[in-house]
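A short worksheet on the structure shown next.
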Amino acid sequence: MPSVILERSRKKRLEHAHPWVFKNEIAKVEGDPEAGDLVSIVNHQGRYLATGYYNPASQITVRVMSYEPLEAMDKSFFVERFRNCLEHRQRFVTGGDAYRLVYGEADFLPGLIVDRFGDVLVVQLLTLGMDRRREEIRDALVEVIHPVGIYERSDVSIRELEGLEQIKGPLYGDCPRHVVVTENGLQIKVDIVEGQKTGYFFDQRENRAAIAPLMTGWGARSGITLQEVAEEGESGTTVMKPVNKSGKVVEFPFWDGATVLECFSHTGSFTLNACKYGAKKVTCLDISEHAIESARDNVKLNGYEERVEFVVDDAFQYLRNQVKGVEERAARAGGKGDTSKPLTAGGGRTFDVVILDPPAFAKTKSAVKGAMRGYKDINLHGMKLVNEGGYLVTASCSYHMRPELFLDTIKEAAADAGKILRLVDWRAAGKDHPQILGVEEGHYLKFAIFEVRSRTKL
């Protein structure tokens, strides 16, 4: 087998479980490996370190597949790896038939993503080394999972860094465009052909369920309390019912629920969880008509239509308009401004819970400064729309936006907004997205829940 000999002065990342070998870490290549071939990785003293697949066209020239000699990445190799992946998901992912089955490097299969949607699998082959083994991967998945269909969504720009074209299409069996799966007890309709990435984002599963405690306990703020009320037709019998300040029984079943704004909704997954856990009213917002139609389908599928409104708008602009309206109303309440004229902003709504789950703002290191401005902007305006003592739920899926930088950016936004934030929950990606210690690139998702209070009211 050909060998890649590493530079003496390189960082010892490989010895700390990082599975990438960069072009500038290679001193020389012995043998004549073709792109995609397996190569032995040895240090400058000739000591064997690992086996990986080789692509001289990529800056990540070798990706580690094994820390023992490996003869071939054949069907039997993938069968064994896929069985290990399945065992992990069956142990840790419960209550649903949908999850990330294969998560690249974290499942010791760099360059390969497999998402499971019930009986249908969606595959991404991100590297030349995996692309060359498409048939072996397909056949191994059929043996281990027995799907009715496998669909490929290798229509991602990262393939171009490997000298590959973007492609998508069926790999095996029957692949319907839409599949319905269960997550957190909710039904989700997923578009595997035109949806973002593989059609759905599994990494927030546990985080979506984490909003449950925020969804109830709000009725008292509007003067509704549980009181003993005489039961009709039963002399002397009383029952506990919600009663408003006027003494009237409140019939609306979600009287104690939160008002919620979800921005960047995609398929409406946070909206669904908010409704499941008792939200009174949810505003579901995305700039994409396709995303909102997907969210609308999912809300209808779960029977939550009466509690959800849909908005197609740019989240940045929507948040600013609402804040401007809040500020105009506050100015008028303070005796400032001409009350004979209509509000110019047209906004002014506030919410008990604001949820911000944007796409990655920083896909490269050079984009971090711009991303910081973006994260600060949405969090600044988002927290201004949270009712006193309510909650800001915010996330970042940008790897280059490191956790401490993300928190610092939110802290600056809070200072500018005159808010004090109390961190009540901090999370990463779910259990179907494990992380290898030493592989920082796997630590991409940050998820936080903050209680929001005004500095001047403490």
Side-chain angles (χ1 to χ4, degrees), residues 183-186 201 203-222 254 256-265 269-284 315 319 322-323 349-358 372 375-398 401-431 433 435 443-458:
E183 180 186 273
N184 295 340
L186 296 158
F201 298 103
D203 51 3
Q204 295 266 38
R205 174 192 292 102
E206 290 89 339
N207 301 341
R208 293 171 190 131
I211 68 173
L214 317 182
M215 293 300 113
T216 55
W218 303 95
R221 296 193 175 205
S222 54
F254 301 100
D256 199 35
T259 56
V260 180
L261 169 64
E262 181 194 5
C263 295
F264 311 98
S265 65
S269 52
F270 275 102
T271 289
L272 296 177
N273 280 269
C275 289
K276 174 185 176 180
Y277 294 116
K280 177 166 59 180
K281 185 73 174 179
V282 183
T283 300
C284 180
L319 292 169
Q322 298 305 319
V323 169
R349 297 179 62 188
T350 59
F351 306 86
D352 299 318
V353 180
V354 171
I355 301 171
L356 306 173
D357 184 22
M372 289 172 62
Y375 284 117
K376 182 176 180 180
D377 190 294
I378 61 169
N379 282 281
L380 171 67
H381 291 94
M383 68 181 71
K384 283 185 175 182
L385 298 182
V386 176
N387 294 327
E388 186 68 20
Y391 295 89
L392 175 70
V393 180
T394 185
S396 167
C397 61
S398 301
M401 193 74 177
R402 306 304 296 149
E404 60 278 6
L405 185 58
F406 181 56
L407 289 173
D408 283 345
T409 301
I410 296 172
K411 183 173 66 176
E412 289 181 11
D416 289 354
K419 303 292 185 181
I420 291 179
L421 303 183
R422 188 156 63 158
L423 182 63
V424 296
D425 204 350
W426 175 258
R427 294 167 173 262
K431 293 182 177 62
H433 288 64
Q435 300 171 0
H443 299 254
Y444 70 98
L445 182 62
K446 286 78 59 181
F447 175 87
I449 298 177
F450 294 99
E451 182 192 60
V452 182
R453 294 190 178 273
S454 298
R455 189 181 301 136
T456 56
K457 292 186 179 181
L458 288 176

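Because the structure is a prediction, the values reported are computed rather than measured. All values below come from the heavy atoms of this structure, side chains included, with hydrogens, waters and symmetry mates left out.
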Which atom pairs, one a donor and one an acceptor, fall under 3.5 Å between side chains of residues 210-218 and the rest of the protein, sequence neighbours left out?
unit_1	atom_1	unit_2	atom_2	d
W218	NE1	L214	O	2.7

Please set out all donor-acceptor pairs under 3.5 angstrom arising from side-chain atoms of residues 389-397, sequence neighbours excluded.
unit_1	atom_1	unit_2	atom_2	d
T394	OG1	N379	OD1	2.7
S396	OG	Y375	OH	2.9
S396	OG	S398	N	3.3

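Shown here are the ring-ring contact (aromatic ring centres under 6.0 Å, His included) partners of F254, two or more places apart in sequence or in another chain: F252. T409 meets the side-chain hydrogen bond (donor to acceptor under 3.5 Å, both in side chains) test with no other residue; sequence neighbours excluded. Among residues two or more places apart in sequence or in another chain, the salt bridge (charged side-chain N to carboxylate O under 4.0 Å, His left out) test is passed with K411 by D408. Contacts of K384 classified as salt bridge (charged side-chain N to carboxylate O under 4.0 Å, His left out), with partners at least two apart in sequence or in another chain: E327.
Rounding to the nearest 0.5 Å gives a distance of 11.5 Å between NE2 of H381 and CD of Q322. Residue D357 holds its CG atom at 9.0 Å from CZ of F264, rounded to the nearest 0.5 Å. If you take CE on M383 and CG on L356, they are separated by 9.0 Å, rounding to the nearest 0.5 Å.
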R349 and T259: side-chain hydrogen bond (donor to acceptor under 3.5 Å, both in side chains), yes or no, with the steps? CA-CA 10 Å; R349 297 179 62 188; T259 56; over 6 Å; no
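Between R453 and E388, the closest side-chain pair of non-hydrogen atoms falls below 4.5 Å. Inter-residue side-chain proximity for D203 and Y444 is flagged as met; some heavy-atom pair is nearer than 4.5 Å. Contact check for L319 versus L261: side-chain heavy atoms found under the 4.5 Å cut-off.
Contact check on R221 versus D352 returns no salt bridge, with no Lys/Arg side-chain nitrogen under 4.0 Å from an Asp/Glu carboxylate oxygen.
In this structure, A209 and Y277 approach most closely via the heavy-atom pair CB-OH, 3.8 Å.
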